[in-house]
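What follows is one structure encoded as structure tokens, with my remarks underneath.
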Amino acid sequence: MSDDDAPLALAWRDGDDQAGARLIERYYDAIVRLFRTKTDRDVDDLVQRTFLRCAEARDRYKGGSFRAFLFAIARNVLFEKIRARAREARMLEPDPEVASIRDLDPGVSTAAWHRREQRIMVEALQTLPLELQLALELTYWEELSGPELAEVFGVPAGTIKSRLHRARTLLREAMEALVVPSEVEQSVREVVERWVAEVQPVDAPS
């Protein structure tokens with residue numbers, strides 16, 4: 001996390017559009033990354049909607065972690081899209097604590113990830129319940145701390161700790177079920193084992 005997120009966000013809240021532009025530039029790739037593991041469609045629209053919603057909600061920012069504030073908005077935008085698709089298909093509203101993105105969108109691909117190791121990891125992540133997939137990605141790719149994750153998901157820090165434990169276990173099981181090409185197997189397994197063996201407390205500051 002950049003040390004000057006909060007001053008920039010407060011300045012944006014108070015009307016400094018240049019500060020807002022700097023924050024958008026800083027987190028644009030991370031928001032794209034979040035949506036690319038969940039959908040092949042509408043990524044640009046979801047990214048734009050997230051930053052527009054952030055701009056509209058900036059008066060509610062009171063300090064603290066801006067990236068937790070932003071990722072919470074992105075999560076809401078994602079769930080709104082998923083619920084809308086379910087209504088269009090006349091399906092029951094999905095439960096993100098149970099349904100994986102593969103359940104919700106069986107055709108979702110990993111084509112946006114160029115390295116084979118990345119595609120394999122994303123394929124495994126996509127089999128997890130969506131909330132657990134998000135928790136792992138925000139922990140290891142975006143390096144959010146336990147308190148930041150609690151803010152994003154709107155749950156106590158203890159709940160985050162138990163979710164991450166379950167997510168790591170399910171990720172290992174998902175990787176064991178995949179057929180991994182021999183030339184990348186070691187590097188992929190090393191990443192998974194590092195995640196699963198993570199011992200740093202999840203509420204430690206980043």
Side-chain angles (χ1 to χ4, degrees), residues 1-85 96 101 104-105 108-126 128 130-154 160 167 191 195 205-206:
M1 177 176 60
S2 176
D3 291 339
D4 61 346
D5 275 359
L8 282 174
L10 290 169
W12 190 22
R13 184 196 66 183
D14 295 337
D16 185 346
D17 290 337
Q18 187 174 11
R22 289 176 62 187
L23 285 169
I24 291 171
E25 181 179 7
R26 180 174 293 170
Y27 286 104
Y28 184 85
D29 288 347
I31 297 300
V32 169
R33 186 162 47 241
L34 181 145
F35 289 122
R36 275 190 177 163
T37 60
K38 319 296 183 304
T39 182
D40 296 326
R41 307 180 298 273
D42 307 321
V43 170
D44 290 343
D45 176 67
L46 292 169
V47 171
Q48 291 175 17
R49 195 179 304 179
T50 295
F51 285 114
L52 176 60
R53 192 76 58 83
C54 185
E56 293 171 344
R58 60 187 175 180
D59 288 347
R60 297 203 301 270
Y61 177 75
K62 305 299 182 184
S65 173
F66 172 77
R67 62 182 182 170
F69 182 76
L70 177 62
F71 280 117
I73 291 171
R75 173 176 171 270
N76 289 336
V77 167
L78 174 64
F79 287 175
E80 287 172 6
K81 186 67 174 180
I82 289 171
R83 287 192 292 267
R85 286 180 185 166
I101 202 65
L104 301 172
D105 187 359
V108 66
S109 79
T110 59
W113 303 84
H114 302 299
R115 292 179 54 194
R116 184 176 294 186
E117 293 95 330
Q118 293 173 326
R119 292 198 300 270
I120 292 168
M121 178 64 76
V122 171
E123 184 178 350
L125 285 166
Q126 288 173 341
L128 273 58
L130 182 54
E131 287 280 53
L132 300 186
Q133 179 186 352
L134 278 167
L136 282 180
E137 291 175 359
L138 292 177
T139 298
Y140 292 104
W141 290 350
E142 312 307 338
E143 299 182 340
L144 266 67
S145 66
E148 287 176 312
L149 291 169
E151 183 177 343
V152 170
F153 291 95
I160 292 297
V191 171
W195 286 16
S206 59

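Along the sequence shown, residues carry numbers from 1.
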Open item on the list: Return the CG to OG1 distance between Leu78 and Thr39, rounded to the nearest 0.5 Å.
Closed with: 8.5 Å
TODO: Under the side chain to side chain donor-acceptor pair (under 3.5 Å) rule, collect the residues that match up with Glu151, sequence neighbours excluded.
DONE: none
- [ ] Supply the atom-to-atom distance Phe35 CZ to Asp40 CG, rounded to the nearest 0.5 angstrom.
- [x] 14.0 Å
Open item on the list: Closer than 4.0 angstrom, basic N to acidic O: yes or no for Arg58 and Asp14?
Closed with: no
TODO: May I ask you to say whether Glu131 pairs ionically with Arg75, meaning some side-chain N is under 4.0 Å from a carboxylate O?
DONE: yes
Task: Spacing of Leu10 atom CG and Lys62 atom NZ [to the nearest 0.5 Å] - done: 10.0 Å
- [ ] Kindly indicate whether the side chain of Leu34, heavy atoms from C-beta on, has any atom under 4.5 Å from the side chain of Leu138.
- [x] yes
Task: Asp16 side chain vs Ala19 backbone, donor-acceptor pair below 3.5 Å - done: yes
TODO: List the atom of Val152, the atom of Ala68, and the distance in Å for their closest heavy-atom pair.
DONE: CG2-O, 3.5 Å
Open item on the list: Quick check on Glu25: does its CD atom have over 12 non-hydrogen neighbours (other residues, nucleotides or ligands) under 6.0 Å away?
Closed with: no
Open item on the list: If I take atom CG from residue Leu23 and atom CG from residue Leu8, how far apart are they, to the nearest 0.5 angstrom?
Closed with: 4.5 Å
Task: Where Trp12 and Cys54 come nearest, the two heavy atoms and their spacing - done: CZ3-SG, 3.8 Å
TODO: Please determine which of Ile31, Leu46, Ile82 meets the side chain to side chain contact (heavy atoms under 4.5 Å, CB included) test together with Val77.
DONE: Leu46
Open item on the list: With a 4.5 Å cut-off on side-chain heavy atoms, are Tyr61 and Leu70 touching?
Closed with: no
TODO: Quick one: pull up CG in Leu128 and CG in Leu136 and give me the separation to the nearest 0.5 Å.
DONE: 6.5 Å
Open item on the list: Taking Arg67 first and then Glu148, would you say they form a salt bridge - that is, a charged N and a carboxylate O separated by under 4.0 Å?
Closed with: yes
Task: Cationic N near anionic O, under 4.0 Å, Arg36 to Glu137 - done: no
Task: Over all atoms of both residues, closest heavy-atom pair of Phe71 and Ala30 - done: CZ-CB, 3.9 Å
Task: Taking every non-hydrogen atom, the tightest pair across Thr50 and Ile73 - done: O-CG2, 3.7 Å
Task: Rounded distance (nearest 0.5 Å) linking atom OG1 of Thr139 with atom CG of Leu134 - done: 10.0 Å
- [ ] Compare every heavy atom of Met121 with every heavy atom of Trp141, then report the nearest pair and how far apart it is.
- [x] CZ2-CG, 4.3 Å
Task: Verdict with supporting geometry, Lys38 and Gln126, side chain to side chain contact (heavy atoms under 4.5 Å, CB included) - done: CA-CA 7 Å; Lys38 319 296 183 304; Gln126 288 173 341; over 6 Å; no
Open item on the list: Is there a side-chain contact between Gln48 and Arg53 in this structure, where contact means two heavy atoms from C-beta onward sitting under 4.5 Å apart?
Closed with: no
Open item on the list: Between Gln133 and Thr37 (side chain of the first, backbone of the second, donor and acceptor by atom type, cut-off under 3.5 Å), is there such a pair?
Closed with: yes
- [ ] Salt-bridge test for Lys81 and Asp42: reply yes if a basic N is under 4.0 Å from a carboxylate O, no otherwise.
- [x] yes
TODO: Not counting sequence neighbours, which residues clear side chain to side chain donor-acceptor pair (under 3.5 Å) with Asp45? List them please.
DONE: Arg49
- [ ] Measure up the Tyr28 and Phe51 rings against each other and bin them: parallel (under 30°), tilted (30 to 60°), perpendicular (over 60°).
- [x] parallel
